[in-house]
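Chain identifiers are assigned alphabetically (A, B, ...) following the order of the sequence lines, protein sequences preceding nucleic acid strands; residue numbering begins at 1 within each chain.
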Amino acid sequence: MENSEFAKIFYDNAKLLELGQENVFRIRAYQRAAQSIENYSGNIESVYKKGGIEALEAIPGIGKSLAEHIEEIIKTGKLKAEQSLFKKFPKTILDVISIPGLGPKTALLLYKKLKIDSIDKLKRAATEGKLMKVPGIRAKKIENILAGIELKKRNIGRFSIGTALPLAGSLVNGLKGIKEIDQIMPCGSLRRGQETIGDIDILITSKKPGVIMDAFVKLPQVDRVLGKGDTKTSVILKNGMEADLRVVEPSSFGSAIHYFTGSKQHNIMIRELAIKKGLKISEYGVFKGNKKIGGKTEEEVFRAVGLPYIPPELRQGRGEFEAAKKNELPRLIEIKDIRGDLHVHTKATDGSNTIEEMAEKARSLGYEYIAITDHSVSTRIAHGLTKEQLLSHIKKIEKESSKLGFRILKGSEVDILPDGRLDYPDEILERLDIVFASVHSNFKMERSQMTKRIITAMNNRHVSVLSHPTGRLIGEREPYAVDLDAVLKAAKDTGTFIELNSFPARLDLDDNHCKAAKDLGVLIAITTDAHVTDQMDNMKYGILTAKRGWLEKKDILNSQPFDKLLKTLALKRR
DNA sequence: GCCGTTTTCGGCCCGACTGTTTTCAGTCG
């Protein structure tokens, strides 16, 4: 069972407890546990299988009672406590609470007064005017509920960071000219480098917020305004994404970007730390009583609670405070540490550029080397190369390399066949400098079979890197069923490297498993899988994910200088 | 329901905006 499935049960349970008007702290405990499980780098079920209830209790936010709940879910597939709540409230009522602007209190009221327990019934009641009979609900609220239903229908799920980052850039550019702006910075999940973004958060410091709010809602990207005040304005953009703008005094810049960057869990934790020290932290600053003692920079906020600066990508409430206290924060990988791109395609298969063009792009990025890794014969849709074509491609790469005076590795992205064999025989593979092995077919295999298939391929001494290990396409295709813990362990045992594919829709390996790989001592190759020269700029997304996975320069295969890289690659082939 | 360098009991982050009210509850981030 995946962590996200456990998390969902706890999230749902929390919502049902809210409807039942349970103790708010008990509700929060469920939410906290759900979040903690979601963010946990190992698999919860394996943790239980290995160490039982006790091991579960070591996970932050999980105590005796919730550990027993997890055990129950593993053993029976469900949670009795939740099932009995479902007897009180139908399952579909959770959809009602998920409408933006409509929370548990209103949902409970609607259920009691009008027996509304689904979005359909809600919509009917709203259009037929029945909601007007409910105390506390008037025309404006009904309008908002209907708008919320529409919004939810349109805005299914979150947006890729590949969409959100450029969009945030264009919003910032649209505002930059305003002279009343002191500083401007995108914050939120974007600044934390999350793979998907729910909404764009932008922080501005200024003494004249009114002017800025007016300009913001008039930006061409804006579709409609959700709320507008002196310090906070929310809009829906034309692509359906929400954007929030917050304006504070210049003297609050540090505490404001800290607050606005989150995560929520991180903020709660730092505020709790502050309370213990007799301080109060808000977006306006660090306070001792009524006296402001810090907040101009983020460093000041951390210093107030006796901690070193924690980079935004680590602010997930998953161990960063403990590491900071012990002064054991990682020195995260930076894009400047990357010395080459190891996974790119050319015109020879499904790319758009020549070997030379890709190599020149690598040079322009300041890289020392590049590896050309076109598809193997079975990926017919991408015009995979036959053995003969690959051999002549290898010659061409050698020629280009000496012509350009740039180090170009001879590589291939080789299909892993359903039985775990590779798409080229060993005598071909041994002519290559680097071999990526990928699953591109038969995604629907049974979990244990898929795991075996991949591990079989990793056992081949010519396979250097396992490419996009889960095959997911964010928002389009679920990962195939595979036991990643077993795959990572096999990587360690066989000396195989693991790819972090920087394509914004892939970001595969994800951040959590990057951390798991690091803990095992498995090196990660951050690559772009570029099919066009421009896509080599996607490296930044991979770097963000790597940072979220606590990866350092030493954990990254392609941070190594060329000579060392060759030696490292050779280790696998011994 | 969780948790402990003030606590094994008694706490549990902080503030903005909206819509409905006559001072505030609900929702959100």
Side-chain angles (χ1 to χ4, degrees), chain A residues 10 13-15 17-18 21-36 56-70 81 97-110 131-132 134-145 147-148 151 187-189 192 197-203 209 213 225-235 242-248 252 255-256 258-287 295 301 305-306 317 322 325:
Chain A
F10 282 175
N13 209 55
K15 282 186 199 151
L17 290 171
E18 268 187 296
Q21 295 175 294
E22 283 284 339
N23 178 300
V24 289
F25 298 110
R26 189 164 163 237
I27 294 163
R28 199 202 280 166
Y30 274 89
Q31 290 167 338
R32 227 194 123 196
Q35 203 165 25
S36 184
L56 290 174
E57 281 186 59
I59 298 167
I62 310 280
K64 188 164 184 297
S65 162
L66 289 183
E68 282 168 5
H69 279 354
I70 293 173
I97 312 179
S98 73
I99 293 167
L102 199 163
K105 293 275 161 46
T106 312
L108 182 66
L109 190 66
L110 293 174
L131 294 188
M132 283 300 265
V134 181
I137 294 186
R138 289 290 165 267
K140 189 75 193 167
K141 200 155 211 166
I142 295 172
E143 199 183 299
N144 284 344
I145 286 173
L151 185 66
C187 296
S189 50
R192 299 198 310 274
I197 308 295
D199 48 28
I200 292 174
D201 300 312
I202 296 173
L203 181 96
M213 296 308 186
V225 180
L226 289 177
K228 181 163 173 271
D230 280 343
T231 69
K232 191 178 164 182
T233 292
S234 299
V235 301
E242 186 178 330
D244 298 333
L245 181 70
R246 194 73 195 258
V247 182
V248 300
S252 298
S255 43
H258 178 268
Y259 153 74
F260 217 25
T261 297
S263 64
K264 194 178 158 82
Q265 190 55 36
H266 173 94
N267 285 353
I268 289 173
M269 290 170 86
I270 201 164
R271 286 171 181 196
E272 281 171 355
L273 268 180
I275 290 170
K276 279 178 194 155
K277 293 191 181 287
L279 303 171
K280 184 185 79 172
I281 292 179
S282 76
E283 56 264 54
Y284 298 111
V286 183
F287 297 89
V301 176
V305 290
E322 291 79 353
K325 270 180 212 160

Using the C1' atom on both, measure B:dT23 against B:dC13 and round to a whole Å. 24 Å
CG of A:Asp230 versus C1' of B:dG15: gap in Å, rounded? 14 Å
Can you tell me if CG on A:Asn23 sees more than 12 non-hydrogen neighbours from other groups inside 6.0 Å? yes
What string of B, S and - do you get for nucleotides 21-29 of chain B 5' to 3' if you count protein non-hydrogen atoms under 4.0 Å? S----SSSB
Among A:Glu22, A:Glu18, A:His69, A:Gln35, side-chain hydrogen bond (donor to acceptor under 3.5 Å, both in side chains) partner for A:Tyr30: A:His69
Output the single nucleotide from B:dA16, B:dG1, B:dC13 whose closest atom is nearest the side chain of A:Tyr284. B:dA16
Closest to the A:Arg26 side chain: B:dG1, B:dC14, B:dC12? B:dG1
Nearest 0.5 Å, what's the OG-NZ distance between A:Ser189 and A:Lys264? 14.0 Å
A:Leu56 CG to B:dG1 P, in whole Å, measures 16 Å
Think A:Thr231 has a side-chain N or O under 4.0 angstrom from the OP1 or OP2 of B:dG15? no
Write down the distance separating the P atoms in B:dT20 and B:dC28, rounded off to the nearest Å. 16 Å
Please determine, for B:dT8, whether a Watson-Crick or G-U wobble partner exists with both distances under 3.5 Å, and give it or none. none
Using a 4.0 Å heavy-atom cut-off across all strands, classify A:Ile281 as base, sugar-phosphate, or nothing. sugar-phosphate
Atom pair CZ (A:Arg246) and CE (A:Met213), whose distance is rounded to the nearest 0.5 Å: 8.5 Å
Considering residues at least two apart in sequence or located in another chain, which fulfil the side-chain contact (heavy atoms from CB on, under 4.5 Å) criterion with A:Lys105? none
Kindly say if A:Asn23 contacts the phosphate of B:dG1, meaning a side-chain N or O under 4.0 Å from OP1 or OP2. no
With rounding to whole Å, what would you report as the distance between B:dT7 and B:dC2 at their C1' atoms? 13 Å
Do the side-chain N or O atoms of A:Lys276 get closer than 4.0 angstrom to the phosphate oxygens (OP1, OP2) of B:dG4? no
When you compare the side chain of A:Phe260 with that of A:Asp244, does any pair of heavy atoms fall below 4.5 Å? yes
Rounded to the nearest Å, what distance is computed from the CZ atom of residue A:Phe25 to the C1' atom of nucleotide B:dC2? 12 Å
Whole Å only: how far is the NZ atom of A:Lys277 from the C1' atom of B:dC13? 17 Å
Do A:Leu273 and A:Ile281 have side chains that approach each other closer than 4.5 Å (heavy atoms only, starting at C-beta)? no
What distance do A:Ser255 atom OG and A:Phe287 atom CZ have between them, rounded to the nearest 0.5 Å? 7.0 Å
Under a 90° cut-off about 0 for the syn range, is B:dT7 syn or anti? syn
Which nucleotide in B:dC13, B:dG1, B:dT18 has an atom nearest any side-chain atom of A:Arg28: B:dC13
Pick the nucleotide of DNA chain B nearest each of A:Ile142 and A:Gly229; which residue has the one closer to the 5' end? A:Gly229
A:His258 side, atom NE2; A:Asn267 side, atom CG - distance, nearest 0.5 Å: 5.5 Å
Between NE2 of A:His258 and C1' of B:dC14 the distance, given in whole Å, is 13 Å
B:dT5 and B:dG1: how far apart are their C1' atoms, nearest whole angstrom? 24 Å
Given the P atoms of B:dT8 and B:dG4, what is the spacing between them in whole Å? 13 Å
Can you tell me the distance, in whole Å, between the CD1 atom of A:Ile270 and the P atom of B:dC13? 14 Å
Report the distance from atom NZ of A:Lys64 to atom C1' of B:dC3, rounded to the nearest whole Å. 16 Å
Using the C1' atom as the reference point in each nucleotide, state the distance between B:dG26 and B:dT21 in Å, no decimals. 13 Å
For A:Gly63 and for A:Arg246, locate the closest nucleotide of DNA chain B by heavy-atom distance; then report the residue assigned to the nucleotide nearer the 5' terminus. A:Gly63
How many whole angstroms separate atom CG of A:Leu273 from atom P of B:dC3? 15 Å
